[in-house]
Amino acid sequence: MGKKLNGRDLINLGFPKNNSINIALGQIHRYRKKEKKEAILAEAKEVLLSPDKFKSHGTWGKLAEGLIAPVVVRKQELEQTRAPFSIFGENEIDAVAKSQLFNALKLPVATKGALMPDAHSGYGLPIGGVLATDNAVIPYGVGVDIGCRMSLSVFNLPASYLKGKTDFLKGILSDHTKFGMKEVHAKKMDHEIFSRVEFKDIPLVKGLLDKAYAQLGTSGGGNHFVEFGVVDILEEVPASKLPKGSYLGVLSHSGSRGLGANIAKHYTYLATKQCPLPKNVQHLAWLDLDTHDGQEYWMAMNLAGDYAKACHDNIHYRIAKALGKHVALTIENHHNFAWKEMVDGKECVVHRKGATPAAEGQLGIIPGSMTAPGYIVRGKGNVDSLQSASHGAGRVFSRAKCKSNFTKSDMKKILKTNDVHLLGGGVDEAPMAYKNIETVMKLQEELVDVLGTFTPKIVRMSK
DNA sequence: ATGTAC
């Protein structure tokens, strides 16, 4: 219960006075609250003696780096000119989303950018925005829900199965999917991801292990869903044995839950501390990939992405088991993530915040809405879009506007017209909230080929 | 998006 550790304590030990001390204190007070001050100070002494050993340490990494070589925090200014960019479906995109991209293109680390036809304004980088940077990663360029993704399982069962077994399938969704802030599976399942070294090596991530374990195979809230529907395979899908035709499928949309949200929050905090930017672009603060924090974010982000996949795999495993069928074909992709990719002959960090990777031949799934089909797509590797496509139809009405514009009975009516059963869900996710997906697909014909569609029939969302 | 706002 001693006095709270402060900067003076660290300076007295012999640490140089600079911003690294504040960053270390931030880490200690956030994530190591329960530990004794004496124990932390003892560890701090070891850092002073052998900083090399702590170079990639969650609490001390930044201070250790400062001891080995001075770390300079400098105020970053925007460039006068923009990095090159392309906008797909310009007439469908609001002015705010465009100006957000334009600001991002003026970052000194920006090399190239693009807007997808479903783009709309976001926090930092717009949703539907793609940004390439030089050796820097922008936590808000990935977004809060790291590894938010789609996963489609196709079963070798005729689409007519949906009509005959509606109640059975509704029951499967009720029993085997978990939504909202509180629901978790009663029967926990282990997964190899929980033995990943990131859970040992990164203090923040270590503290999130229990939550991640509890939330495996859950979907969360907002626009996340799990739905049964009709898969129409229109063109031969590479590496698939399923002939063209109509099948039963399950499509899921969700991300990395509390694990990713906390990782995003933490590294955004570090980025804004170390990379002060003009106020209007504060959220675009980046981490240099050569620094301790940059490398650590990269590892944590990849873990969150793999965890998001593990959650989808778990959801589909549970559903397939309840259905008593093997999955015949899987199509999946992240749409909130960053990758190291070649851009115009140079390796860059490509951030896709609400954008589907669409390298040549790459398969992906772009959802429509509850009452409009999603599309199974194959990327064309268009370099102007940074090999990307939209991640959906894109919103036209905000959640708040939906609540004032639409009623429950509006929603019931449109669901009934389209023969869609909805479990949970609210007017803020009404089909009318979204752009016409067919228009959006037309605007990205240069980006992807369509191999098939997925039409939702039984949808479950958070209440 | 997230046990919803350092």
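To find a chain, count down the sequence lines: A is the first, B the second, and so on, and within it residues start at 1.
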Expected rows: protein N/O vs nucleotides 4-6 of chain B N/O, under 3.5 Å:
none

Nearest-Å distance, NZ (A/Lys211) to C1' (B/dT2)? 8 Å

Are A/Glu38 and A/Lys36 within salt-bridge range, i.e. N to O under 4.0 Å? no

Ion pair A/Glu77/A/Lys106, N-O distance below 4.0 Å: no

Can you list every side-chain hydrogen bond (donor to acceptor under 3.5 Å, both in side chains) pair that touches residues 274-285 of chain A, not counting sequence neighbours? A/Lys62-A/Gln274, A/Gln274-A/Asp293

Separation of A/Gln362 CD from A/Gln387 CD (nearest 0.5 Å): 8.0 Å

A/Glu92 with A/Lys435: basic N within carboxylate O range, under 4.0 Å: no

Taking C-beta and beyond as the side chain, do A/Arg460 and A/Phe225 meet within less than 4.5 Å on heavy atoms? no

Between atom NZ in A/Lys182 and atom P in B/dT2, what is the gap in whole Å? 15 Å

Describe the nucleic acid contact of A/Gly221 in one word from base, sugar-phosphate, nothing, applying a heavy-atom distance below 4.0 Å. sugar-phosphate

Determine the contact category for A/Gly255: base if any of its heavy atoms lies under 4.0 Å from a base atom, sugar-phosphate if only primed atoms, P, OP1 or OP2 are that close, otherwise nothing. nothing

